[in-house]
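Just so it is clear, the values below take in all heavy atoms, side chains as well, and ignore hydrogens, waters and symmetry mates. Letters go in sequence order (proteins before strands), and every chain restarts at 1.
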Amino acid sequence: MADTSPAPTKPSQPDPVPVIVARGVRKHYGSIHAVDGVDLEVRAGELFGLIGHNGAGKSTMFKMMLGLIPATAGELRIDGAQVEGGDFRAVRRKIGYLPENVVLYDNLTGTETLDFFARLKGVSPANNAALLERVGLIHAAKRRVREYSKGMRQRLGFAQALLGKPRILFLDEPTTGLDPEAIRGFYAILRQLKSEGVTMVITSHILAEIQERVDRLAIMAAGKVQATGTVQALREQMDLPLWFDVRVAPEDFESVRNVLAGLPVGAVEARDGHIAVQCARDAKMTVIAALATLDGKVRDLTVREPSLEDVFFGFSD
Amino acid sequence: MEFSQVATIAGKEFWDRIRNRWVLAVALVFTAFALSIAYFGSAQQGAVGFRSIEVTIASLVSLVIYLIPLIALVLGFDAIVGERERGSLDLLLSMPITRLELLLGKYLGLAGALTFSTIAGFGLVGVVLASQLDLNALFHYFGFMLSSVLLGCAFLSLAVMLSVFAADRTRASGLAIATWFFFVLIFDLLVLGVLVVTAGQWGGEALPYALLLNPADVFRILNIFSMDDVRTLYGLSTVFPPALAQPWLLGLVMAAWIAGPLAIAAWRFRR
């Protein structure tokens, strides 16, 4: 799609300076170590996922990154500024935040809600209508939040986070309560923001939803980052087996088994119309070569990578 | 400190109370009470109709001393803890606003709503009575309104302090009720008790100063002491040294009752 508008030229190389830096960050509540030594770097323009069980320390980490609660120890810098320092007010103007289960004011309308937060952010309310349009709420702009559904509240919360064109977005479980269509719309906006160079940190319980969408992610468990990287890198690091779905006629099941005999494969299971074969990542090409000898018998072949969920459980257990 | 941030928060709190008709309701309560006291306050003595401003103010003081602290405490007890419990505090604090600005904005907005309803409620009665009052009486009535505002602001300050300390709304409401009981009902009894138990031997000298430790008593002294007729009626002239009864001094004490709890609240909220 040709872009004819005079958009600001964006750097072809992402800024090497990380926008978010955490070094040895800890948050202890008495004997409870909610966050226990986290090192993290989020690069400029990156869509970064933070995943973990409930209680893994994601939300605490979020709150510390936003300067809502002080860290017990460690260093935390957003856009170069110390989170606890006096410079942080200036940084806050560049930050958008959508809290988990966002709570807005029931007695205000959609427009009034955005006006209120725009004033706090020191942003002109002139663009608020466009923002409501962007999140699909313009039809409900004059209705009170009291009458909004959960999904509508979530969208209004998202519009609030986008006030003043933030450079850094913190999105805590942003798709909670959204229907599948709204979720697609939401990620379309994120893609657009990414193309504008916005740095985003996102958490989600729905791993399938973010695995195709984040650039990199960190898996948190027990207050620590267990692994960081692209989904693919984590898969390889975890070295989880992958699956082949080999579609053959039922009378050829036996020949597939014969070909695979003696190869480094795991489970071989006959399923409805196909055979599922589990194999280690480094045996992938060997298995494909063996299956190629079956010539016309193989009708279709699908490789199933381990899902982010598999990777996640591998790291967090 | 950025005052625009304080003003944004204060504006929201104030307009919230205007929109949900809180201000109107409280103003109407004040008007109704003030009018009925002015015209029917002497009904027990067999007289109906407006008698004297001094008696009216004295009766109003007895009423307001219960009512305004209660209204102020109810208004402010969930200012902070309410936002925290609803889950909207984190979003507010993620904005470019300091905790002090948020606290001050909350306080000023609520104080504005309370002040507005007090002035509107009693002011309306003042306008109705104006034709029957001379300048001196009007001055006393104005003083009564002003001290009512101060009384409300002092208890609102206490309420906002509770709302910072309390872990949840339920506890905050309990603390608010306890605060009301203590200052409005128990405090005077305690002071009296000390006097009675020690047969006036101990504490007599300190009594006037002890009364300054209660904003409700400061309010009473502010209004009663300035009027000769009722001063003797309340027996205040015998126990309260005129040197202490200077309106500006008592006004300063009230200001301290406003600033003190707010300062403690700000200190606690920052941590």
Side-chain angles (χ1 to χ4, degrees), chain A residues 59-60 62-70 78 81 83-109 112-113 115-123 125 144-146 153 156-161 163-164 166 168-172, chain B residues 1-25 75 78-106 108-110 112-113 164 167-169 266-271:
Chain A
S59 284
T60 310
F62 249 58
K63 288 183 180 181
M64 285 192 285
M65 289 194 276
L66 288 157
L68 299 177
I69 51 173
I78 309 286
V83 165
E84 310 248 355
D87 304 337
F88 202 60
R89 187 199 287 264
V91 176
R92 280 218 168 107
R93 293 193 200 280
K94 297 190 230 170
I95 291 181
Y97 172 43
L98 174 57
E100 184 178 3
N101 301 319
V102 61
V103 178
L104 301 159
Y105 299 101
D106 276 356
N107 60 329
L108 300 183
T109 66
E112 287 165 349
T113 303
D115 284 354
F116 171 64
F117 286 109
R119 271 199 294 278
L120 282 181
K121 272 202 161 174
V123 173
R144 295 199 178 198
V145 172
R146 184 178 295 124
R153 284 162 198 250
L156 183 58
F158 185 43
Q160 168 279 133
L163 279 167
I168 307 161
L169 268 180
F170 289 94
L171 308 165
D172 202 354
Chain B
M1 174 129 82
E2 287 184 15
F3 288 100
S4 61
Q5 302 296 67
V6 178
T8 301
I9 299 289
K12 178 178 180 297
E13 291 300 321
F14 182 79
W15 285 109
D16 278 356
R17 298 308 178 298
I18 295 277
R19 277 156 55 125
N20 68 13
R21 301 197 176 80
W22 185 93
V23 167
L24 181 69
L75 179 64
D78 75 339
I80 298 296
V81 77
E83 296 268 1
R84 185 178 286 148
E85 197 164 301
R86 277 161 22 91
S88 46
L89 187 62
D90 278 350
L91 182 56
L92 270 184
L93 290 174
S94 78
M95 298 283 139
I97 186 171
T98 63
R99 286 171 178 244
L100 180 64
E101 286 160 3
L102 175 64
L103 190 75
L104 272 185
K106 282 265 176 193
L108 290 177
L110 295 175
V164 171
D168 53 59
R169 281 188 85 234
W267 165 78
R268 170 74 196 203
F269 193 40
R270 278 175 98 158
R271 303 193 313 144

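- To the nearest 0.5 Å, atom CG of residue L66(A) and atom CG of residue D90(B) are 8.5 Å apart.
- Only the side chain of V102(A) comes within contact range of chain B, with heavy atoms under 4.5 Å apart.
- Taken from CD in Q5(B) to NZ in K121(A), the straight-line distance is 11.5 Å, to the nearest 0.5 Å.
- Residues D16(B) and N107(A) are in side-chain contact: their nearest non-hydrogen atoms beyond the backbone lie under 4.5 Å apart.
- In this structure, the portions of F117(A) lying under 4.5 Å from any heavy atom of chain B include both its backbone and its side chain.
- Listed for the R119(A) side chain is no donor-acceptor partner under 3.5 Å among the backbone atoms of T8(B).
- Contacts of I95(A) with chain B are absent, with no heavy-atom separation under 4.5 Å from either backbone or side chain.
- Only the side chain of Q160(A) comes within less than 4.5 Å of a heavy atom of chain B; its backbone N, CA, C and O stay farther away.
- Taken from OG in S94(B) to CG in L68(A), the straight-line distance is 6.0 Å, to the nearest 0.5 Å.
- Applying the 6.0 Å contact sphere to CZ of R270(B) captures no more than 12 heavy atoms from other residues, nucleotides or ligands.
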side-chain contact (heavy atoms from CB on, under 4.5 Å) assessment of M95(B) paired with R92(A):
CA-CA 6 Å; M95(B) 298 283 139; R92(A) 280 218 168 107; 5.8 Å; no

Which is it for L120(A) and I9(B) under the side-chain contact (heavy atoms from CB on, under 4.5 Å) test, yes or no, and what are the steps along the way?
CA-CA 8 Å; L120(A) 282 181; I9(B) 299 289; 4.0 Å; yes

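- Exactly one of E83(B), K12(B), R86(B) qualifies for a side chain to side chain donor-acceptor pair (under 3.5 Å) with Y105(A). That residue is E83(B).
- Contact annotation for I69(A): neither backbone nor side-chain heavy atoms come within less than 4.5 Å of a heavy atom of chain B.
- Shown here is W22(B), whose CH2 atom has more than 12 heavy atoms of other residues, nucleotides or ligands within 6.0 Å.
- Taking NZ of K63(A) as the reference point, atom CG of L93(B) lies at 10.5 Å (rounded to 0.5 Å).
- Both the backbone and the side chain of L108(A) come within contact range of chain B, with heavy atoms under 4.5 Å apart.
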With side-chain contact (heavy atoms from CB on, under 4.5 Å) as the test, would you mind laying out the steps for E2(B) and R89(A) before giving the verdict?
CA-CA 11 Å; E2(B) 287 184 15; R89(A) 187 199 287 264; 3.5 Å; yes

